[in-house]
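To keep things clear, I will list the structure first and then write my remarks on it.
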Amino acid sequence: MHRYKAIKFLGDGTYGSVWKALNIDDNEFVAVKKMKQKYYTWEECMNLREVKSLQKLKHPHIVRLKEVVRENNELFFVFECMEFNLYQAMKDLNGPIPESRIRSWCFQIFQALDNMHSNGYFHRDMKPENLLVTGDLVKVADFGFVREVHSEPPYTDYVSTRWYRAPEVLLRSRSYGPAIDMWAMGAIMAELFSLQPLFPGESEVDEIYKICSVIGSPSHHIWAEGMELAAAMNFRFPKFPQADLSCLLPTASSDAIDLILALCSWSPERRPSASEALQHPLFKRQYQSLRVLSPQSAPHVKTCLTQVEQMCTWKNVRDMNQDHVQDSSQELSTELSIGCESGMKNLKVCRGIKGTVGAHKGTCPAQAQHSMNPLVVSSLISPEAWRRTRSHGHL
Ligand SMILES: Nc1ncnc2c1ncn2[C@@H]1O[C@H](COP(=O)(O)OP(=O)(O)OP(=O)(O)O)[C@@H](O)[C@H]1O
């Protein structure tokens, strides 16, 4: 670790303390997390979930693990350094955060979650402190609680910070999944609008009380499994009607409120997945703004490629009306080619729609890399697509 010079203390967590440091070899700032526990073998370090998941999860909106160092039985994670976390961003504000900023942040976080969940991991500790910001960029951090989607339940460990803890975790479900990250995102989104936690429970029972007072008490009809979990604990839900979220979040648009309510559904089955959330009408403008990007400039090309990769994982691409696929096949395949050249991994879905992808793979002319077709971008994301996914999908 002699290459790193500690500059500033950034934060303390359950497993380690984080310092901003300067790499004196290349003059680059990094964030060094020194783990509290001692590690006596390298194998032990490589087996940590945080290491295993971060080695696999490489995404523009997931904080990058640059190096793992074990020195004198102490373990250090060297991460790219971000400026601050979303909790600090909210704390230092006087007025509300503009919806356009919240939309952009959430859009990026859902992309990270979509990548994480489709790679077989879920985070389990989504909270504003673990969402790091630099300029307009947001990245998900702290993979200390991460778990594999297909790992064997029962999950008996105590996860996530209470205010963002999903009802199934509060009610001791032993087989929860990625939907707990989506619940947390509903609570985080609401907090970004009101600058105060949506469910600030002072204990686990109070947490459920606070949830009931906002989204209304559950019933067998909306969450049979939850009623059984509660009965098994001899727990009775307090009786509350659903509150008017537009009064609690006066600066939020009806689209934002609609998505928050969907994310904060009692039943994990009713919550949209990350890829479904990305199709919500709230984000329509995110795709439209893509059209005006000038991909000639390197950072923007990178953004476009992320978007292309995203488009190819959309479930609703499969549901798209066949005529539309025909009409836009040229543009779609051009965009997919850009993805191919960037080493895109999620081509399976797209290959299913059109044979054109294979044909274009690697043969895309250089100038095509700069064409993001507005028609395809805007028509793929539409309120109709969202409604269709919701009605044919999980609901
Ligand atoms: N890459 C980074 N860049 C800048 N700040 C960071 C970075 N990683 C972590 N931090 C800061 O350090 C704090 C603690 O880090 P982190 O949450 O990873 O530690 P932890 O021990 O895993 O915490 P927890 O108790 O939440 O599990 C974070 O809240 C964040 O503000």
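Throughout, residue positions are numbered sequentially from 1 according to the sequence presented. Just so you know, ligand 1 is whichever comes first in the structure, and atom 1 is the first atom listed for that ligand. Because the structure is predicted, anything quoted here is derived from the model rather than measured. Heavy atoms only: backbone and side chains are in, while hydrogens, waters and symmetry mates are out.
For Q88, the closest heavy-atom approach to ligand 1 does not fall below 4.0 Å. Using a 4.0 Å cutoff on heavy atoms, G16 counts as a contact of ligand 1.
Remark: among candidates R64, E80, E129, K127, the nearest residue to atom 1 (N) of ligand 1 is E80, based on non-hydrogen atoms.
When all heavy atoms of S217 and F240 are compared, the pair lying nearest together is OG-N, 2.7 Å. Here the closest non-hydrogen pair linking C264 and L198 is SG-CD2, 4.4 Å. Residues L248 and A243 approach most closely at CD1-CB, 4.4 Å, considering heavy atoms.
In this structure, K20 is positioned above the aromatic face of F29, its NZ or CZ under 6.0 Å from the six-membered ring centre and within 45° of the axis.
At a cut-off of 3.5 Å, with distance as the only test, no side-chain donor of S275 or Q279 sits close to an acceptor on the other residue.
Using a 4.0 Å cut-off between heavy atoms, N85 contacts ligand 1 through its side chain alone, with no backbone atom that close. Contact annotation: for E83 versus ligand 1, there are no heavy atoms closer than 4.0 Å. When heavy-atom distances to ligand 1 are checked against a 4.0 Å cut-off, A141 has no atom that comes that close, whether in backbone or side chain. Residue-level proximity to ligand 1 for N130 is carried by the side chain, the only part with a heavy atom below 4.0 angstrom.
Considering CG of L245 and CZ of F193, their distance stands at 10.0 Å, rounded to 0.5 Å.
With ligand atoms numbered from 1 in the order given, ligand 1 contributes 1 (N) to contacts under 4.0 Å with heavy atoms of V63. Of all the atoms in ligand 1, the ones that sit under 4.0 Å from a non-hydrogen atom of Y15 are 21 (O). Proximity to F79 (heavy-atom distance under 4.0 Å) selects the following atoms of ligand 1: 1 (N). Close contacts of ligand 1 with A31, meaning ligand atoms under 4.0 Å from a residue heavy atom, involve 1 (N), 2 (C), 3 (N), 7 (C).
Counting heavy-atom neighbours within 6.0 Å of D136 CG, excluding the residue itself, gives a total of 12 or less. Shown here is K36, whose NZ atom has more than 12 heavy atoms of other residues, nucleotides or ligands within 6.0 Å.
If you check which protein heavy atom lies closest to atom 4 (C) of ligand 1, you get M82 O, 3.3 Å. Looking at atom 5 (N) of ligand 1, its nearest protein heavy atom turns out to be L10 CD1, 3.5 Å. Nearest non-hydrogen protein atom to atom 19 (O) of ligand 1 is K33 NZ, 3.5 Å. Of the protein's non-hydrogen atoms, V18 CG1, 3.8 Å is the one closest to atom 10 (N) of ligand 1. Protein heavy atom at the shortest distance from atom 26 (O) of ligand 1 is D142 OD2, 2.9 Å. Protein heavy atom at the shortest distance from atom 25 (O) of ligand 1 is T14 OG1, 2.5 Å. Nearest to atom 13 (C) of ligand 1 among the protein's heavy atoms is G11 CA, 3.9 Å. Protein heavy atom at the shortest distance from atom 7 (C) of ligand 1 is L132 CD1, 3.3 Å.
Here's the thing with D12: none of its N/O atoms is less than 3.5 angstrom from an N/O atom of ligand 1.
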>> Show, in sequence, the C-alpha distance, side-chain angles and deciding distance for K139 and E80, and conclude whether the salt bridge (Lys or Arg N to Asp or Glu O under 4.0 Å) test is met.
In response: CA-CA 10 Å; K139 301 198 183 201; E80 63 178 310; 3.1 Å; yes
*Do L282 and M189 pass the side chain to side chain contact (heavy atoms under 4.5 Å, CB included) test, and can you show the C-alpha distance, the side-chain angles, and the key distance before you say yes or no?*
CA-CA 12 Å; L282 176 67; M189 267 185 84; 3.6 Å; yes
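A salt bridge is absent between D142 and K127: the closest approach of a Lys/Arg side-chain nitrogen to an acidic carboxylate oxygen does not fall below 4.0 angstrom.
Ring geometry for H59 versus H61: interplanar angle of 30 to 60°, hence tilted.
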